[in-house]
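Everything on this sheet refers to the single structure shown next.
Numbers restart at 1 for each chain; the letters A, B, ... are given by sequence-line order, proteins then strands.
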Number of protein chains: 2
Amino acid sequence: MAYAEQYIDKLRKSGLRPTKQRIKICKVLFNTDKTFHFTIKELVKIIENQANIKVSLATVYNTVHAFIKKGYLKEIPLNASQSYYDTNVTHHHHFFDEEENRLIDIHQDDVDEVNIKKTIPGKKIKSVEVIAKIVSDNQSQK
Amino acid sequence: MAYAEQYIDKLRKSGLRPTKQRIKICKVLFNTDKTFHFTIKELVKIIENQANIKVSLATVYNTVHAFIKKGYLKEIPLNASQSYYDTNVTHHHHFFDEEENRLIDIHQDDVDEVNIKKTIPGKKIKSVEVIAKIVSDNQSQK
DNA sequence: TAATACATTATATTTATTCTAAACTGTTGA
DNA sequence: TCAACAGTTTAGAATAAATATAATGTATTA
């Protein structure tokens, strides 16, 4: 219960009332130091496995989107059939393994600062993400 | 008709028979020096406006995917409800304007080479893409 | 604690994409 | 050249993620 206040705080700051369902979602997303990637489907599955309360898809979508808006979650830019989300909101990048449909973090320190010389009038950069697609290295092409 | 052979060549190299419909798709995609971004919906609309032949959605999807596989088109990694494709297959990057749902090319020279120090055993990097999200700069936050 | 505003849910809807199967067409080889 | 075959096109159905709806439930407030 000690953690519940953190969650309530996060929810209120996101403009959401702390309800049983939302606190459960928070527990799954934020009760560990480890960050992770997930799809909505996976998140629902984790909740189902852990909880004795039911959470509908709509609530999960709404809550995840509110957290993204507030910056507690990030959406990972990836052209996939489902959206991928990340509990790691620090500045970092990703490998995407298309063969195994797997996302792997790349720490900010492992990529030199991405410096973009081009600017768009009236616009500022909000975020910069690097996606490196990886495939099996069969040594065939040297 | 001088161009048709180019298109037939592209199609054959993609493992596709040159049919009326596919040649039409090639004309829309490759008959200009200018590169552009498109969604399937937009591509269908352009074809409709130009052609007196009909091309079904399924054919457009199949052909676009064959071209991507062959490297004549690129998919732009973007978590959007529709997939975005690019006729510019050279190495370059993108701004994505979330407010206007607009993609803008960033020439390779405008971004320093992205050097990733991390490696994944048994895997090699196939491609590296930078997505910079931009928003209105209201000068409000200095 | 009553009134209100916000939440939750099951279900329906929307929309991009993929699948299907029947009709059609390019290709090949005799 | 033409028959046979393999690949293609198409309309429409199927799938699946995401969003909308509207009735019921719950947190908040005064």
Side-chain angles (χ1 to χ4, degrees), chain A residues 4-5 7-28 37-45 47-48 51-70 73 75-85 98 101, chain B residues 4-5 7-28 37-48 51-70 73 75-85 98 101 103:
Chain A
E5 274 151 44
Y7 304 151
I8 291 172
D9 188 53
K10 268 197 158 73
L11 287 165
R12 288 214 191 283
K13 283 184 178 160
S14 305
L16 300 176
R17 285 184 183 170
T19 62
K20 276 202 301 290
Q21 290 85 347
R22 286 172 177 164
I23 289 171
K24 180 69 212 170
I25 293 170
C26 285
K27 278 183 185 160
V28 171
H37 309 125
F38 63 93
T39 61
I40 294 292
K41 215 171 147 187
E42 289 165 355
L43 180 53
V44 168
K45 193 158 284 180
I47 292 170
E48 272 175 8
N52 33 18
I53 64 167
K54 259 194 66 192
V55 180
S56 72
L57 257 186
T59 299
V60 174
Y61 273 106
N62 292 341
T63 306
V64 165
H65 286 155
F67 284 153
I68 287 170
K69 203 167 163 193
K70 185 62 188 178
L73 292 175
E75 196 171 10
I76 301 171
L78 246 199
N79 244 332
S81 55
Q82 308 170 73
S83 288
Y84 283 76
Y85 306 96
E98 282 180 315
N101 244 59
Chain B
E5 273 151 46
Y7 304 151
I8 290 172
D9 189 55
K10 269 199 156 75
L11 286 166
R12 288 213 191 281
K13 283 185 176 157
S14 304
L16 299 176
R17 286 187 182 167
T19 62
K20 277 201 302 288
Q21 290 84 350
R22 286 172 178 163
I23 289 171
K24 180 68 214 172
I25 292 170
C26 286
K27 277 183 186 161
V28 171
H37 309 124
F38 63 93
T39 62
I40 294 292
K41 216 170 147 188
E42 288 164 356
L43 180 52
V44 169
K45 194 158 284 180
I46 298 170
I47 292 170
E48 273 176 6
N52 34 18
I53 64 168
K54 258 194 67 193
V55 181
S56 71
L57 255 187
T59 299
V60 175
Y61 273 105
N62 292 342
T63 307
V64 164
H65 286 155
F67 284 154
I68 287 170
K69 203 168 163 193
K70 185 63 187 176
L73 292 175
E75 196 172 7
I76 301 171
L78 250 197
N79 244 333
S81 55
Q82 310 170 70
S83 288
Y84 282 77
Y85 305 97
E98 281 180 313
N101 244 58
L103 269 164

Check the distance between [N]'s [atom2] and [X]'s [atom1] and give it to me in whole angstrom.
X: B/Arg17; N: D/dG7; atom1: CZ; atom2: P; answer: 7 Å
X: A/His65; N: D/dA17; atom1: NE2; atom2: C1'; answer: 11 Å
X: B/Leu11; N: D/dT8; atom1: CG; atom2: C1'; answer: 12 Å
X: A/Leu16; N: D/dT26; atom1: CG; atom2: P; answer: 18 Å
X: B/Asn62; N: D/dT9; atom1: CG; atom2: P; answer: 8 Å
X: B/Lys20; N: C/dT25; atom1: NZ; atom2: P; answer: 6 Å
X: A/Ile25; N: C/dT8; atom1: CD1; atom2: P; answer: 7 Å
X: B/Ile23; N: D/dT8; atom1: CD1; atom2: P; answer: 13 Å

Remember a base hit wins even if backbone is also touched, and classify B/Thr59 as base, sugar-phosphate or nothing at under 4.0 Å, heavy atoms.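 The residue B/Thr59 makes base contact.
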Under 4.0 Å, counting only non-hydrogen atoms across every strand here, what does A/Leu57 touch: a base, just sugar-phosphate, or nothing?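 A/Leu57: no heavy atom of the nucleic acid under 4.0 Å.
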Produce the list of close N/O pairs, under 3.5 Å, pairing protein atoms with atoms of nucleotides 11-16 of chain C; give distances to one decimal.
none

Could you check whether any side-chain N or O of A/Asn79 sits under 3.5 Å from a backbone N or O of B/Ser83, counting only pairs where one atom can act as donor and the other as acceptor?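 Not at all, since once roles are kept as given, no pair shorter than 3.5 Å links the two residues.
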Is there a donor-acceptor contact under 3.5 Å from the side chain of A/Arg22 to the main chain of A/Leu11?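 Flag not set: sc A/Arg22 to bb A/Leu11 has no pair under 3.5 Å.
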Write down the atom of A/Tyr7, the atom of A/Lys27, and the distance for their closest heavy-atom approach.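 Nearest heavy atoms, A/Tyr7 then A/Lys27: CE1-CG, 3.3 Å.
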Write down the atom of A/Thr59, the atom of A/Gln21, and the distance for their closest heavy-atom approach.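 Looking at all heavy atoms of both residues, the shortest contact is CG2-CB, 4.1 Å.
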Residues two or more places apart in sequence or in another chain: which of them pass ring pair (Phe, Tyr, Trp, His ring centres under 6.0 Å) with A/Tyr84?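 Ring pair (Phe, Tyr, Trp, His ring centres under 6.0 Å) check on A/Tyr84 returns nothing, list empty.
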OP1 or OP2 of [N] sitting under 4.0 Å from any side-chain N/O of [X]?
X: A/Arg12; N: D/dA27; value: no
X: B/Gln21; N: C/dT25; value: no
X: B/Arg22; N: C/dG26; value: no

Any chance you could measure B/Ser14, atom OG, to B/Asn62, atom CG, to the nearest 0.5 Å?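 That separation rounds to 12.5 Å.
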Both A/Ile53 and B/Pro18 contact DNA chain C. Taking the nearest nucleotide for each, which residue is further toward the 5' end?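 Looking at the nearest nucleotide for each, A/Ile53 comes out on the 5' side.
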A/Ile25 vs A/Val55 side-chain heavy atoms within contact, under 4.5 Å: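 A side-chain contact under 4.5 Å exists here.
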Here's a test of your reading of the structure: between A/Thr19 and B/Ser56, which maps to the more 5' nucleotide of DNA chain D?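 Per heavy-atom nearest nucleotide, the more 5' residue is B/Ser56.
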